[in-house]
Structure formats: C-alpha cells, structure tokens
Amino acid sequence: MDPIAMRLSRSLIPTLKETPSEAQIVSHRLMLRAGLVRQTASGIYAWLPAGWRVLQNIAQIVREEQDRIGAQEMLMPTIQSADLWRTSGRYDAYGPEMLRLKDRHERELLYGPTNEEMLTDIVRQTIKSYRELPQALYHIQWKFRDEVRPRFGVMRGREFLMKDAYSFDLDYAGAVLSYRKMMLSYMRTFQRLGVKAIPMEADSGPIGGNLSHEFIILAATGESQVWYDAAFEDMDFSGSNFAHTSEADLERFFTQMTTPYAATDEKHDSAAWEQVANKREGRGIEVGHIFYFGNKYSDPMGLKVAGPDGAQVAPHMGSYGIGVSRLVGALIEAFHDEAGIKWPDAVAPFKAAILNLKVGDIACDRISESLYAHFAGNALYDDREDRAGVKFNDADLMGHPWQIVVGPRGAAAGTVELKRRATGEKQELSVEAALARIG
RNA sequence: CGGGGCGUGGCGCAGCCUGGUAGCGCGCGUGUUUUGGGUACACGAGGCCGCCGGUUCGAGUCCGGCCGCCCCGACCA
C-alpha cells in the first residue's frame with residue numbers, strides 16, 4: 001500500500017460540511033459526509049478509499065470466521081444464465097426484483113441475487129459420494145436485487161456485497177450440525193465486529209424451508225420492531241471458543257442462543273412474550289440470515305450422491321447470508337454521535353488519525369512524521385494546512401478510534417494529546433506513552 | 001407499484017407565481033490575516049438552470065413530453 005495515499009492532503013476522502021439532500025437517515029448522511037461512498041445511481045454506490053477499507057475490514061472478519069468453521073472460500077460470477085435458474089423453477093418465481101439481461105446473441109442472463117442454483121449445479125457435477133460430504137462453501141460477492149424502492153443508503157441498496165455460504169449434508173442430522181456451525185460462526189463474527197447481534201427465529205421467505213434465523217443488530221433507527229429477552233444484553237460468549245467439530249458443544253451453544261425469547265414482527269408471539277421475565281423491545285437491523293431448506297434445490301436440480309448403501313440420495317442443503325455492505329451502514333447506525341462516526345476498532349478504516357495542528361512547525365512535523373511512519377499505513381495523517389478546528393471536526397466525523405493531536409503547545413515538550421473517539425476521553429502523553437496506550 | 005416532492009457551479013439553497021443578459025452561503029484558487037474546535041478581509045475561477053419540443057421579439061421562469069433522484073406506504077440480505 002502506498003503510504004502517500006494515507007496523507008489526507010493526498011487522499012480522495014472528500015468530507016462534506018453539509019449533507020447532500022438525498023440522505024435522510026444518519027448512517028447514510030455520515031457515509032456521504034465522511035467521504036466513504038458516492039452514489040452513482042439509485043441504490044448503487046461507489047466505495048471511495050476510506051469506505052472501501054471499512055468494507056474490506058468487515059469482509060476479512062467474516063472470511064476468517066467462515067474459514068474457522070471449515071467453510072471453503074470460492075468465487076462465483078455475478079452474471080448467471082437464465083437457463084440455470086429455470087432448472088429450479090426460480091427464474092419465473094423470482095419476479096421483478098431480478099435484474100434480467102440479454103447478451104448480443106439474445107441469450108437470457110441475469111445479475112445474480114443469490115447463488116443456490118449455481119453452486120448446486122457445480123456440486124452436482126463434482127460430488128458423487130456421501131464420503132465427500134459434508135461440504136460448506138462460501139463467497140463474498142456483489143449481488144443485485146432490483147428493489148422497488150432503494151433507500152437508507154447502502155443498507156437497502158440494489159447492488160450490495162454479501163457473504164453467502166451453502167452447506168451440503170447427507171441427511172437432516174448433518175444439515176442441523178452445519179446450521180449450528182454457521183450460527184456459531186455468525187455470533188463470533190458479530191462479536192468481533194464489536195456489535196451485539198441477536199439471532200431471531202424467522203420466516204424463511206422466498207428461499208423456502210423451515211429452520212431459519214435472522215441476525216438483528218439493535219439500533220434505534222432500525223427498520224423492524226423486535227422483542228427480546230434481556231438475557232441477550234449481557235450474554236456471555238466466552239463459551240463460544242470451542243472446536244466446531246464438537247457436536248455436544250454445538251448443541252449447547254445453539255440452545256444458549258435460541259432459548260431466550262427473541263422475535264421480529266412476523267414471528268412475534270404475544271402468548272410466549274407474556275412468559276418472558278425481563279422484556280426488552282427495540283428496533284433492529286437485519287444483517288444476516290441463515291436457512292435450512294432440505295431438498296428444495298437438490299430435488300428439482302437432480303443433485304444426488306451415493307449413500308452408504310449404494311442408493312442415490314439428495315443432499316440436504318442450507319444457505320447462510322451476511323450483508324457485508326449493509327453492515328457498514330448498520331454499524332454506523334449503532335455507533336455514532338452528533339459529531340460523526342465512532343468506528344469499532346476492528347473495522348475502522350484507520351486505527352488512528354494524526355492531526356498535525358501546525359504543518360511547517362519543526363517539532364510538529366517531526367513528531368507527526370515519526371508517528372505516521374510508525375503506523376505504516378494504518379493511520380491517516382492530517383497534514384493539510386488547515387485550521388485546527390477543521391481537523392478536529394473531520395477526525396470526529398470520520399470516526400477514527402484514536403486521534404493523536406500534535407500541536408505546537410505540546411510538541412516542543414515531546415507530548416501529544418491522545419483522544420479516544422468512543423468515549424471522548426483525552427490525555428496529554430509522551431509520544432511513547434500514547435503509542436503504548438493505543439497498542 | 002400507489003401517493004407526495006425535488007432537479008439552478010463540488011455541497012446547501014434563492015430566483016419561477018408576475019418572462020427581459022443567473023444570484024447567495026459553504027467549499028475551491030491567490031494574497032493578507034488568524035493559529036488548539038469549521039477565523040476575517042480582498043480579489044478570482046467555476047453554471048448547455050436535468051433533457052427534448054412548444055408558446056413568445058425574448059424562457060431558469062409559461063405549456064407538453066421524457067429522464068433522473070428523494071420521501072411515505074406495500075415488499076426485501
């Protein structure tokens with residue numbers, strides 16, 4: 001990575017003082033103002049350098065936690081053939097949300113909204129025996145759903161980055177294990193992202209099936225009403241650090257996650273709700289969804305493997321989505337204040353911002369440059385010849401977890417002011433002490 | 001898809017009703033000034049007024065059509 005690009009004076013991070021009029025909700029406004037994205041068409045966004053770093057950070061955590069439960073990463077194309085979707089019957093079933101295209105030969109194509117058919121087809125061609133099961137595969141790829149009404153910025157865009165995983169098991173019992181592994185992976189993922197996500201029983205929607213959970217981040221501006229047991233608010237995740245191959249641990253964890261009451265509108269049960277001792281209500285944003293759907297695709301598409309007794313059996317499948325680009329907006333909804341974004345450490349575009357309050361001052365420049373070198377590209381150096389207030393405001397807006405303020409007042413004595421964005425706490429420290437504090 | 005609204009320099013907006021050579025604030029450039037929470041002054045650059053057509057001597061303004069975007073609702077990772 002070219003370190004020059006991390007100097008604000010040389011970066012394309014166009015912060016805005018005023019909010020473009022198209023943005024209503026706070027995350028959308030802040031994403032535009034912090035220079036993370038630019039809209040290029042309704043529901044379609046370009047990810048500018050800082051936004052792209054956040055997106056990659058989230059994707060990387062998702063990736064690591066998928067790998068950790070033994071899922072294999074791959075990459076499937078965005079463009080798919082209509083014929084493939086006809087094999088499952090979904091080409092006609094999907095409706096106008098699907099973006100349909102034609103190539104120069106008038107062949108019917110589509111921009112994929114999901115990949116069940118494609119992966120089922122690939123597995124059908126390659127997996128022939130129960131000995132090759134189970135399989136869990138995922139990719140992180142752009143999807144397109146032609147929403148009637150895109151809104152909320154990247155949270156409800158038409159083009160979006162999604163992690164979608166697919167599991168193939170010999171039987172129902174195996175599929176349940178795969179499903180529980182994914183739930184484990186999801187809880188670990190959201191925990192690492194620094195956010196509380198609650199698994200809620202869900203309708204399986206157009207994808208079909210009967211074992212399904214949504215993962216909801218609590219945020220005042222969320223789009224759906226949720227009811228949940230207060231037990232989720234201080235749930236202990238220390239027990240999630242077990243080997244994903246342990247069936248007993250998977251069951252224990254699954255039970256822990258799904259026993260306390262939690263439901264969205266569509267599944268809310270007032271009778272069951274009455275039994276909850278510590279009730280909590282709020283708004284939430286759906287950031288993940290997992291499904292078990294049995295033979296919904298393996299049957300119509302003719303996916304079969306040889307079982308232990310030699311008979312051909314249709315594998316049981318599940319699919320598992322995380323809205324990676326939606327998470328960027330959702331995290332901002334969860335972590336912001338009047339001044340701007342307050343990124344969780346794990347996803348922040350930069351770990352720290354270095355605010356040189358007096359560019360050209362020997363001591364300020366020297367300390368700033370050495371700090372900048374120390375962070376090796378993971379700090380944004382505000383080396384603009386601007387007023388201090390401009391830098392403070394932009395740093396707060398962009399939401400770097402740490403701000404290292406290098407001003408003439410302290411620089412002569414070798415000290416800097418360290419500000420923690422999340423709490424607002426400020427400390428005057430030596431350069432070494434500040435770096436030690438940031439870790 | 002029903003209902004509502006908006007398209008005027010990069011951003012936020014006025015001008016349109018009542019047609020007469022396009023304006024304000026921010027941002028940007030230059031200079032002076034200021035120097036720890038968006039400093040002040042001066043000068044300056046930047047606009048087929050969304051597009052097409054019509055009415056008119058003349059259209060940002062009036063009329064028609066189209067396109068784009070936003071908001072509310074029904075629907076979704």
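Naming: A, B, ... by sequence-line order, numbering from 1 per chain. All values below come from the heavy atoms of this structure, side chains included, with hydrogens, waters and symmetry mates left out.
- To the nearest whole angstrom, the two C1' atoms, one in rU56(B) and one in rC63(B), are 12 Å apart.
- Look at the P atom in both rC16(B) and rC11(B): the space between them is 23 Å, to the nearest Å.
- Taking atom C1' in both rU21(B) and rC57(B), the straight-line distance is 15 Å, to the nearest Å.
- If you take atom C1' in rC43(B) and the same atom in rU33(B), they sit 15 Å apart, rounded to whole Å.
- As the counterpart of rG20(B), rC57(B) is assigned, both hydrogen-bonding distances of the Watson-Crick or G-U wobble pattern falling under 3.5 Å.
- For the C1' atoms, the distance from rG29(B) to rG36(B) is 27 Å, rounded to whole Å.
- Under the Watson-Crick or G-U wobble criterion, with both distances below 3.5 Å, rC48(B) has no partner in any strand shown.
- When heavy atoms are screened at a 4.0 angstrom cut-off, D394(A) is found touching base atoms of the nucleic acid.
- R158(A) comes within 4.0 angstrom of nothing in the nucleic acid, heavy atoms only.
- Checking G321(A) against R38(A), the closest nucleotide of RNA chain B that is more toward the 5' end is the one next to R38(A).
- With a cut-off of 3.5 Å on both Watson-Crick or G-U wobble distances, the partner of rG10(B) is given as rC26(B).
- Taking the charged nitrogens against the carboxylate oxygens, E108(A) and R86(A) do have a contact shorter than 4.0 Å, which makes a salt bridge.
- Nucleotide rC1(B) has rG73(B) as its partner under the Watson-Crick or G-U criteria, with both atom distances under 3.5 Å.
- Salt-bridge formation is detected for the pair R124(A)/D121(A): a Lys NZ or Arg NE/NH1/NH2 atom is positioned less than 4.0 Å from an Asp or Glu carboxylate oxygen.
- Put simply, CE on M187(A) and CD on Q256(A) are 9.0 Å apart, with the number rounded to the nearest 0.5 Å.
- Nucleic acid contact for T19(A): sugar-phosphate only, since backbone atoms but no base atoms lie under 4.0 Å from a heavy atom of the residue.
- Checking the phosphate oxygens (OP1, OP2) of rG27(B), a side-chain nitrogen or oxygen of K17(A) falls inside 4.0 Å.
- Looking at D345(A) and R421(A), no side-chain N of the basic residue comes within less than 4.0 Å of a carboxylate O on the acidic one, giving no salt bridge.
- Atom CZ of R384(A) is separated from atom P of rC28(B) by 9 Å (rounded to the nearest Å).
- Between K163(A) and E73(A), none of the side-chain N atoms (NZ, or NE/NH1/NH2) sits under 4.0 Å from a carboxylate O, so this pair counts as no salt bridge.
- Interface remark: the E18(A) side chain does not form any donor-acceptor pair with the rG27(B) base, using a distance-only criterion of under 3.5 Å.
- The aromatic rings of Y179(A) and F254(A) stand perpendicular to each other, their planes meeting at an angle above 60°, with 30° marking the opposite boundary.
- Side-chain N/O atoms of Q135(A) and Y166(A) include no donor and acceptor closer than 3.5 Å.
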Tabulated below should be each protein N or O lying under 3.5 Å from an N or O of nucleotides 70-75 of chain B; please produce it.
{"residue": "rC70(B)", "atom": "OP1", "partner": "Q39(A)", "partner atom": "OE1", "Å": "3.3"}
{"residue": "rC70(B)", "atom": "OP1", "partner": "Q39(A)", "partner atom": "NE2", "Å": "3.4"}
{"residue": "rC70(B)", "atom": "OP2", "partner": "S42(A)", "partner atom": "OG", "Å": "2.9"}
{"residue": "rC70(B)", "atom": "O3'", "partner": "E22(A)", "partner atom": "O", "Å": "3.2"}
{"residue": "rC72(B)", "atom": "OP2", "partner": "R149(A)", "partner atom": "NH1", "Å": "3.3"}
{"residue": "rC72(B)", "atom": "OP2", "partner": "R149(A)", "partner atom": "NH2", "Å": "2.3"}
{"residue": "rA74(B)", "atom": "N6", "partner": "R151(A)", "partner atom": "NH2", "Å": "2.9"}
{"residue": "rC75(B)", "atom": "O2", "partner": "R156(A)", "partner atom": "NH2", "Å": "3.0"}
{"residue": "rC75(B)", "atom": "N3", "partner": "R156(A)", "partner atom": "NH2", "Å": "2.8"}
{"residue": "rC75(B)", "atom": "N4", "partner": "R151(A)", "partner atom": "NH2", "Å": "2.9"}

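- Taking the six-membered ring where tryptophan is involved, the planes of Y292(A) and H316(A) are essentially parallel, since the angle between them stays under 30° and well short of 60°.
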Using the ring pair (Phe, Tyr, Trp, His ring centres under 6.0 Å) rule, take W273(A) and Y261(A) through it: C-alpha gap first, then chi angles, then the decisive distance, then the call. CA-CA 7 Å; W273(A) 181 234; Y261(A) 187 87; 5.3 Å; yes
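- Within 4.0 Å (heavy atoms only), G157(A) reaches at least one base atom of the nucleic acid.
- Remark: the separation of the C1' atoms in rA14(B) and rU61(B) is 13 Å, to the nearest Å.
- Among residues two or more places apart in sequence or in another chain, the ring-ring contact (aromatic ring centres under 6.0 Å, His included) test is passed with F168(A) by none.
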Please produce a list of atom pairs where a protein N or O lies less than 3.5 Å from an N or O of nucleotides 33-36 of chain B.
{"residue": "rU34(B)", "atom": "O2", "partner": "R387(A)", "partner atom": "NH1", "Å": "2.5"}
{"residue": "rG36(B)", "atom": "O2'", "partner": "R409(A)", "partner atom": "NH1", "Å": "3.3"}
{"residue": "rG36(B)", "atom": "N2", "partner": "E417(A)", "partner atom": "OE1", "Å": "3.0"}
{"residue": "rG36(B)", "atom": "N2", "partner": "E417(A)", "partner atom": "OE2", "Å": "3.0"}

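- The P atoms of rG64(B) and rG4(B) are separated by 16 Å, rounded to the nearest whole Å.
- Where G288(A) and K419(A) meet RNA chain B, the nucleotide closest to each residue was compared, and K419(A) sits on the side nearer the 5' end.
- Taking the P atoms as reference points, rG54(B) lies 15 Å from rG60(B), given to the whole Å.
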